[in-house]
Structure formats: structure tokens, C-alpha cells
**Q** 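Sharing a structure, written as C-alpha cells. Questions coming.
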Amino acid sequence: MRKFINLFLFLIIATASSVLAQSISMSPTRLFFTGSPGEKVNQTVTLQNSSDKDYVFNLNYKDWVRDENGNKIYLDAGSSKTSNAAWISTLENAVTIPAKSTKEIVVTMQIPANASKSAVTNSMLFFTQLPQQADQAKAKNGIGIITLFEVGLHIFYTPSGNLVKSLDITNIAEVSSDNITERKVAVSIHNDGNTINDATVEFELTDTDSGKEIKLPAISISMLPGANQVIQFSLPEKISGNFLGVAIIKMAGSNDLRVGEKNFKF
């Protein structure tokens, strides 16, 4: 019986979160600021509420970095060496989005007079749902669950002189694993440019005996300057033979490609 109740509560939470996620949308989800030290610049983000209910959101800031697998790690605002959270402000610390309406929020970046002329910085502006009296009353009289929803806005600053987009393939190797039925190939990438780089990474295998080609699903990445990331591609089950592996990086907004090759024996 306890397992049934726990599953029931989980389904309620998951369903409520899913419904709310579909009701609230943000555009864009990333803001790219540029400018000179001492300059103040504004951009606008729009939140849309397609539900029949009003929502109130609290605004708060976080820093974030990516680990080598591309996963975000969130930090307290101002704790990252590339943080620009202290540069960001809005007119309101909390916003209400009425039902069936949109709300525009002006995001202001005050670039410090002593800001680096070469360093790219980043932070995240979170919109966190606040429970209303009706939600609290339902929780008090019901099963005691208030589902809160949060959306994050990525904020980047790139000095106006940073124009070099470049990614370098530093290594291609099979991932060591005790389970030979789940073989993977890892492509290590380094952003050796000086700007944020969105790209698509592709990996192809050619059987050097038969000439048969295998194209694996492409993976999209976004990397800050100086960052390193390892992209893992899952290989087909029961793959066997001699293969030439080719990694291809296609950078957004550029016709420039990066190609790396390695021979494999599976």
C-alpha cells in the first residue's frame, strides 16, 4: 500500500510539473550582451503564460560552469571567476504573469569600467514560481504538496573585440568499459577561440574491409572559451571489425570544419 501511495504522489508531482512547463514559455532562453567597459546595455526577454491561472515568479541569480561531460554545475552568484551576475539587474525582483498573457522583462547589464577587454563572462537569471494563497490552501486541505516551477535565462557577455570562433579536436578514443555490449567512442574538444561557440559534432564509422558506413546521431554543444568537453557516441551493438572513425565539428555561423580521424578494431 505504501508503494502505491508513493507512486501516486510521484505521478501527481510529475503531472503538475509537466502541465506548468507547457503553460509557461520563455523567449529567448539566452541573452548575448556585448559592449565596452563602463557601458550600460539592455535586452528584453518575454515570458508567456498560456494557462488559465496567474503566476508569480521571484527573480534570482546563479553562476554556472560545465563539467567535461557538458553537464551544468550551479554555484552561488559571484562565486565563479567568470561570473557577471553582479552586472545584471531588472526593474522588478518579482513579476506576475496574468493568465493568457505575455510579460516583457527588460534585463540591464552594467559593464564595469574595469571589466576585462578579453574575458567572456556568464551567469543565469532564474524565474522561480512563488506559491499563492490558493495553492497554500489546497496544500493545507489536501495532500500537502505545492509544486513549484523554475525557468532559467542564460546570460553571456562577450567583449566586442572577441571574434575568433575555433574548436580543436584533442583526442578520439574508445571509452573503457567492462560491458562490451555498450561500447562508446569519446571525442575530446577544446574551445581555443575567444568567443562562445555553438556547434554540432558528428561521428562516422567506415568498415575498412567492406566499405559500409555507419553514421551516428549528431550531438549539439555550446562551449565557452577555454572550455574542454568530452562528447560520447554510443556504438551499434555487436559491432565487429576494422573501422575508420571520423569526427566532424560544424560550427554555427561558420563554414569552417574540424575533422579528426582514428582507426579502431572492435
Side-chain angles (χ1 to χ4, degrees), residues 26-47 57-95 103-128 130 150-170 188-199 220-231 249 251-254 256 258:
M26 174 187 290
S27 179
T29 57
R30 300 190 298 176
L31 294 181
F32 296 92
F33 288 89
T34 189
S36 303
E39 187 178 356
K40 179 185 289 187
V41 285
N42 297 319
Q43 291 199 46
T44 301
V45 62
T46 301
L47 290 176
F57 290 91
N58 177 56
L59 279 62
N60 57 93
Y61 302 90
K62 289 283 187 181
D63 290 342
W64 61 272
V65 295
R66 290 189 191 274
D67 63 19
E68 70 168 14
N69 294 316
N71 301 312
K72 285 196 187 78
I73 299 173
Y74 294 103
L75 309 167
D76 291 338
S79 60
S80 169
K81 64 180 181 179
T82 61
S83 175
N84 58 26
W87 307 1
I88 306 299
S89 63
T90 57
L91 294 177
E92 305 168 276
N93 292 324
V95 295
K103 175 82 172 182
E104 290 189 342
I105 295 98
V106 177
V107 180
T108 299
M109 174 177 283
Q110 176 63 65
I111 306 168
N114 63 347
S116 168
K117 295 182 180 180
S118 61
V120 173
T121 59
N122 65 298
S123 62
M124 183 84 81
L125 171 57
F126 280 106
F127 294 78
T128 305
L130 297 176
E150 189 172 63
V151 291
L153 175 67
H154 296 78
I155 297 176
F156 300 94
Y157 167 72
T158 305
S160 54
N162 289 31
L163 303 173
V164 179
K165 300 187 72 172
S166 179
L167 295 175
D168 182 34
I169 298 174
T170 58
S188 300
I189 300 172
H190 173 67
N191 184 346
D192 56 348
N194 62 8
T195 188
I196 301 156
N197 207 326
D198 296 335
S220 296
I221 60 173
S222 180
M223 296 180 64
L224 290 165
N228 296 289
Q229 190 166 333
V230 178
I231 313 300
I249 300 178
M251 292 176 280
S254 172
D256 197 9
R258 294 293 185 273

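Side chains included, hydrogens not; waters and symmetry mates left out as well; all remaining heavy atoms used.
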**Q** Just by modelled atom types, is the Thr170 backbone N or O under 3.5 Å from a matching donor or acceptor in the Asp168 side chain?
**A** no
**Q** So, do Phe33 and Val107 sit near enough that their side-chain heavy atoms are less than 4.5 Å apart?
**A** yes
**Q** Does the pair Asp198/Arg30 count as a salt bridge with the N-to-O cut at 4.0 Å?
**A** yes
**Q** May I ask you to check whether Ser222 and Arg66 show a side-chain donor-acceptor distance below 3.5 Å?
**A** no
**Q** State the OG1-NZ distance between Thr46 and Lys103, to the nearest 0.5 angstrom.
**A** 11.0 Å
**Q** Are the side chain of Ser79 and the backbone N or O of Asp76 linked by a donor-acceptor pair below 3.5 Å?
**A** yes
**Q** To check you understand the geometry: which heavy-atom pair defines the closest contact between Ser80 and Leu75, and what is its length?
**A** CB-CD1, 4.2 Å
**Q** Tell me whether Asn191 contacts the main-chain N or O of Gly193 through its side chain, where contact means a donor paired with an acceptor under 3.5 Å.
**A** yes
**Q** Show, in sequence, the C-alpha distance, side-chain angles and deciding distance for Ile231 and Ile189, and conclude whether the side-chain contact (heavy atoms from CB on, under 4.5 Å) test is met.
**A** CA-CA 8 Å; Ile231 313 300; Ile189 300 172; 3.9 Å; yes
**Q** Between Val106 and Glu104, is any pair of side-chain heavy atoms under 4.5 Å apart?
**A** no
**Q** Testing the 3.5 Å rule here: is there a donor-acceptor pair between the side chains of Glu150 and Thr128?
**A** yes
**Q** Is the shortest side-chain heavy-atom distance between Trp87 and Pro112 below 4.5 Å?
**A** yes
**Q** Minimum heavy-atom separation for Leu153 and Phe127, please, with both atom names.
**A** CB-CE1, 4.4 Å
**Q** Quick one: closest heavy-atom pair of Ala85 and Gly78, and the distance?
**A** CB-N, 4.4 Å
**Q** Please answer whether the main-chain N or O of Ile111 pairs with a side-chain N or O of Glu39 as donor and acceptor at a distance below 3.5 Å.
**A** no
**Q** Would Ile196 and Val120 count as a side-chain contact (heavy atoms from CB on, under 4.5 Å) here? Give the steps.
**A** CA-CA 8 Å; Ile196 301 156; Val120 173; 4.0 Å; yes
**Q** Is the closest side-chain heavy-atom distance between Ser166 and Arg258 below 4.5 Å?
**A** yes
**Q** Applying side-chain contact (heavy atoms from CB on, under 4.5 Å) to Thr44 and Ile105, what does each step give before you reach the verdict?
**A** CA-CA 6 Å; Thr44 301; Ile105 295 98; over 6 Å; no
**Q** Is any side-chain heavy atom of Gln229 closer than 4.5 Å to a side-chain heavy atom of Glu68?
**A** no
**Q** Got His154 and Phe32 here, is their nearest side-chain heavy-atom distance under 4.5 Å?
**A** no
**Q** Main chain of Ala252, side chain of Lys165: is a donor-acceptor contact present, judged purely on distance under 3.5 Å?
**A** yes
**Q** Could you pull out all donor-acceptor pairs under 3.5 Å where a side-chain atom in residues 155-163 meets a protein atom, sequence neighbours excluded?
**A**
unit_1 : atom_1 : unit_2 : atom_2 : d
Tyr157 : OH     : Gly35  : O      : 2.8
Asn162 : ND2    : Ser118 : O      : 2.8
Asn162 : ND2    : Asn194 : O      : 2.7

**Q** Taking the side chain as C-beta and beyond, is there a heavy-atom pair between Ile169 and Ile249 under 4.5 Å?
**A** yes
**Q** Looking at every heavy atom in both Met251 and Asp256, which two are closest together, and how far apart are they?
**A** CE-O, 3.6 Å
**Q** Checking Asn84 side chain against Thr121 main chain: does a donor-acceptor pair fall under 3.5 Å?
**A** yes
**Q** Should Lys72 and Met124 be marked as a side-chain contact (heavy atoms from CB on, under 4.5 Å) after you check the CA-CA gap, both sets of side-chain angles, and the distance that decides it?
**A** CA-CA 11 Å; Lys72 285 196 187 78; Met124 183 84 81; 4.1 Å; yes
**Q** Any chance the side chains of His190 and Asn228 put a donor and an acceptor closer than 3.5 Å?
**A** yes
**Q** What do you reckon, is NZ of Lys40 surrounded by more than 12 foreign heavy atoms closer than 6.0 Å?
**A** no
**Q** More than 12 heavy atoms of other residues, nucleotides or ligands under 6.0 Å from CG of Asn93: is that the case?
**A** no
**Q** Report yes if some heavy atom in the side chain of Asn197 is under 4.5 Å from a heavy atom in the side chain of Thr195; otherwise report no.
**A** no
**Q** Taking atom types as modelled, is there a side-chain donor on Ser123 or Asp63 under 3.5 Å from an acceptor on the other?
**A** no
